[in-house]
Visitor: 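Just passing along the structure, written as structure tokens.
The shown structure was predicted, so the numbers you read here are calculated from the model rather than taken from an experiment.
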Amino acid sequence: MTVVLAHGLGGSTDLPIPFTYALIGASWALTVSFVVLAFAWRTPKLDPDSPGHRLPGWVTRFADAPITRNVLAAFGLVFAVWVALAAFFGPSESSENALPGVFYVLLWVGLVAVSLAFGPVWRVLSPVRTLHRSVCAVIGRSPTEGTARYRNSWGYWPAVAGLFAFVWLELASGDPGSVAAVRTWLLVYVVVTTVGAFTCGERWCERGDPFEVYSTLASRLSPLSRDRHDGRIVLRNPLDHLGSMPVRAGSVALMATLLGSTAFDSFSAFPWWARLVDGIGSPIGATLARTAGLLAFIGFVGVSFWVASRAAGGLRPEQRAALPGLLSHSLIPIIIGYVFAHYLTYLVEKGQATVILLADPMGRGWNPLGLGDAEVWYVLSEHPAATASIKVLCVLAGHVLGVIAAHDKSVRVLPRGHQLTGQLALLFTMVTYTFGGLYLLFGG
């Protein structure tokens with residue numbers, strides 16, 4: 001049993017959606033978009049300060065109990081050490097080593113799924129956070145403190161750089177599935193994040209750790225959140241929670257990196273692009289071509305959203321300049337929907353294969369979990385029609401939620417006389433993203 005990672009994640013290359021499904025999804029996306037714009041509410045309905053439905057007090061007490069937090073933190077640390085065994089002592093062949101699967105499947109896609117269900121779990125599971133808190137407890141320093149201040153002007157930019165480094169390794173580097181390449185990336189990540197945490201305190205983790213920022217971003221669509229006044233866990237409309245995302249420097253770049261890179265992953269599966277890159281001959285030239293393509297997709301998403309969100313009249317220059325950041329949260333549902341549409345098969349099937357490999361991280365015949373004879377259940381590959389339907393629904397749901405979030409925020413921030421016309425450019429841009437995503441999933 002092996003895990004084959006052609007370029008990190010294979011995405012849509014295994015189960016492209018049929019053209020009919022793509023056409024139906026695109027038609028619905030277009031129809032729903034204009035229905036929302038023409039007939040939706042004329043005043044804001046989504047409330048980031050909504051109290052939601054308060055869950056029983058024991059839920060919050062259990063989640064916040066030191067033993068719960070410590071057990072989860074210990075699990076994250078032990079899991080990191082277990083993966084390190086595969087990284088440093090496991091088989092050199094990526095098909096026999098669990099490290100690439102942990103990195104590209106469990107961490108990149110699984111983290112989104114868990115955060116969507118339970119909230120920003122990386123805050124608790126992060127081994128770097130656990131190490132930082134432990135050392136601070138020993139030396140008697142608050143984890144929030146550091147030797148330097150995290151500047152507000154930095155915003156999400158360190159996390160954007162980390163996320164771009166991840167997608168570059170997966171999609172543009174010469175050998176992304178290499179155990180050595182993934183090991184080196186993770187070593188640099190641990191060093192940079194640890195130094196950042198001890199220098200700037202936990203604010204670095206909140207804004208500069210790419211995985212924590214990614215987890216927190218996904219958690220904005222979780223039905224579970226915290227009451228802003230007493231911290232109690234509540235059930236809340238995810239769109240209410242979505243609007244509470246802070247606007248910081250790099251917000252648009254963060255969304256563009258995530259959405260653009262996933263789109264490029266689909267695009268890179270097109271045969272003509274693969275032939276073009278392979279025909280270059282030089283490994284360095286091929287890497288440069290893939291890097292240029294990745295930057296082009298990220299740049300297109302970022303520039304098109306920035307231009308479209310500013311295309312509203314009746315605003316002062318400073319108000320217009322703030323619009324891209326204020327509306328950037330509306331891309332989160334589109335990102336999450338496309339991530340699941342693109343990587344769902346890998347999460348379910350390659351995730352199983354990765355767990356089986358993890359049972360024997362050093363490839364020495366260990367079987368402590370009784371998984372030695374386990375086999376992957378290819379449940380999605382065996383039902384392509386159902387899988388295609390799920391993919392289209394993920395893209396469509398993400399689009400609809402994104403349009404609703406953008407519409408509500410536009411009604412809130414645009415002048416009354418420009419609330420309809422001021423949304424047209426952004427609506428067209430979101431429809432373009434959805435049409436493009438469906439086409440890439442079909443064409444790949």
Side-chain angles (χ1 to χ4, degrees), residues 54-88 98-99 102-103 106-108 110-147 150 159 162 186-187 189-220 222-235 241 351 354-355 358-359 361 368-369:
R54 295 167 68 87
L55 294 179
W58 67 264
V59 175
T60 303
R61 290 193 296 272
F62 173 78
D64 293 341
I67 187 172
T68 303
R69 299 272 171 162
N70 292 336
V71 166
L72 291 175
F75 170 80
L77 192 59
V78 170
F79 184 79
V81 172
W82 192 261
V83 173
L85 292 176
F88 290 97
L99 181 64
V102 171
F103 188 60
L106 300 186
L107 187 58
W108 187 246
L111 182 62
V112 174
V114 177
S115 300
L116 195 63
F118 300 107
V121 294
W122 194 248
R123 294 179 183 176
V124 181
L125 295 176
S126 169
V128 174
R129 267 205 187 244
T130 301
L131 175 64
H132 176 239
R133 289 168 181 161
S134 300
V135 173
C136 286
V138 171
I139 65 177
R141 189 175 80 180
S142 170
T144 60
E145 298 176 356
T147 58
Y150 189 99
L186 285 172
L187 280 173
Y189 160 77
V190 169
V191 170
V192 171
T193 309
T194 302
V195 171
F198 280 102
T199 303
C200 300
E202 289 188 330
R203 180 162 292 187
W204 175 274
C205 299
E206 296 170 0
R207 304 182 186 182
D209 181 346
F211 295 124
E212 181 159 332
V213 170
Y214 195 25
S215 172
T216 303
L217 181 146
S219 74
R220 294 293 170 181
S222 173
L224 296 175
S225 62
R226 297 273 185 171
D227 186 281
R228 286 193 173 188
H229 301 290
D230 58 14
R232 186 166 176 170
I233 297 178
V234 298
L235 278 177
H241 191 198
T354 298
V355 172
L358 269 176
L369 303 179

Visitor: Hey, does the side chain of Thr130 reach the backbone of Ser126 with a donor-acceptor pair shorter than 3.5 angstrom?
Guide: yes
Visitor: side-chain contact (heavy atoms from CB on, under 4.5 Å), that's the test. Do Leu131 and Val190 meet it? Break it down for me.
Guide: CA-CA 11 Å; Leu131 175 64; Val190 169; over 6 Å; no
Visitor: Nearest heavy-atom pair of Arg232 and Gly57: which atoms, and what distance?
Guide: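 The pair with the smallest heavy-atom distance is NH2-N, 3.0 Å.
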Visitor: Find the distance between CG (Asp209) and CZ (Arg203) and round it off to the nearest 0.5 Å.
Guide: 15.5 Å
Visitor: Do other residues, nucleotides or ligands put more than 12 heavy atoms under 6.0 Å from Ile139 CD1?
Guide: yes
Visitor: How close do Arg141 and Phe198 get, heavy atom to heavy atom, and via which atoms?
Guide: NH2-O, 3.3 Å
Visitor: To the nearest 0.5 Å, what is the distance between CG (Leu72) and CG (Leu77)?
Guide: 12.5 Å
Visitor: Looking only at heavy atoms, which two atoms of Ser222 and Gly119 are closest? And how far apart?
Guide: OG-N, 3.9 Å
Visitor: Using a 4.5 Å cut-off on heavy atoms from C-beta on, say whether the side chain of Trp82 contacts that of Leu85.
Guide: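 Yes. Closest side-chain heavy atoms under 4.5 Å.
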Visitor: Which value, rounded to the nearest 0.5 Å, describes the distance between Ser142 atom OG and Arg133 atom CZ?
Guide: 11.0 Å
Visitor: Between Phe103 and Val83, is the side-chain contact (heavy atoms from CB on, under 4.5 Å) condition met? List the steps.
Guide: CA-CA 10 Å; Phe103 188 60; Val83 173; over 6 Å; no
Visitor: What's the spacing between Leu125 CG and Leu111 CG if we round to 0.5 Å?
Guide: 8.0 Å
Visitor: Quick one, Leu99 and Leu186 - any side-chain contact, counting heavy atoms below 4.5 Å?
Guide: yes
Visitor: Answer yes or no: is there a side-chain heavy-atom contact under 4.5 Å between Phe88 and Leu187?
Guide: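 The answer is yes; the side chains approach within 4.5 Å.
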Visitor: Grab the two heavy atoms, one from Val213 and one from Glu206, that are nearest each other, plus how far apart they are.
Guide: CG2-O, 3.4 Å
Visitor: Taking it one step at a time, do Val192 and Trp204 satisfy side-chain contact (heavy atoms from CB on, under 4.5 Å)?
Guide: CA-CA 10 Å; Val192 171; Trp204 175 274; 4.1 Å; yes
Visitor: Is the closest side-chain heavy-atom distance between Tyr214 and Ser115 below 4.5 Å?
Guide: no
Visitor: Do Thr193 and Phe211 have side chains that approach each other closer than 4.5 Å (heavy atoms only, starting at C-beta)?
Guide: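 No; the side chains remain at least 4.5 Å from each other.
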Visitor: Might you point out which heavy atoms bring Arg69 and Ala63 nearest each other, and give the distance in Å?
Guide: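 The pair with the smallest heavy-atom distance is NE-O, 3.1 Å.
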Visitor: So, do Leu55 and Leu224 sit near enough that their side-chain heavy atoms are less than 4.5 Å apart?
Guide: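 Yes, close enough: below the 4.5 Å cut-off.
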Visitor: If you define the side chain from C-beta out and look only at heavy atoms, does anything of Ser215 sit under 4.5 Å from Arg123?
Guide: no
Visitor: Taking the side chain as C-beta and beyond, is there a heavy-atom pair between Ile233 and Arg226 under 4.5 Å?
Guide: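 Yes, at least one pair of side-chain atoms sits under 4.5 Å.
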Visitor: List the steps and the verdict of side-chain contact (heavy atoms from CB on, under 4.5 Å) for Thr194 and His132.
Guide: CA-CA 7 Å; Thr194 302; His132 176 239; over 6 Å; no
Visitor: Examine distances only and state if a side-chain atom of Thr216 and a backbone atom of Glu212 form a donor-acceptor pair shorter than 3.5 Å.
Guide: yes
Visitor: Taking all non-hydrogen atoms of both residues, which atom of Ala159 and which atom of Pro210 are closest, and how far apart?
Guide: O-CB, 3.8 Å
Visitor: Rounded to the nearest 0.5 Å, what's the gap from OG1 on Thr354 to CG on Leu107? Could you check?
Guide: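 The CG atom of Leu107 is 11.5 Å from OG1 of Thr354, to the nearest 0.5 Å.
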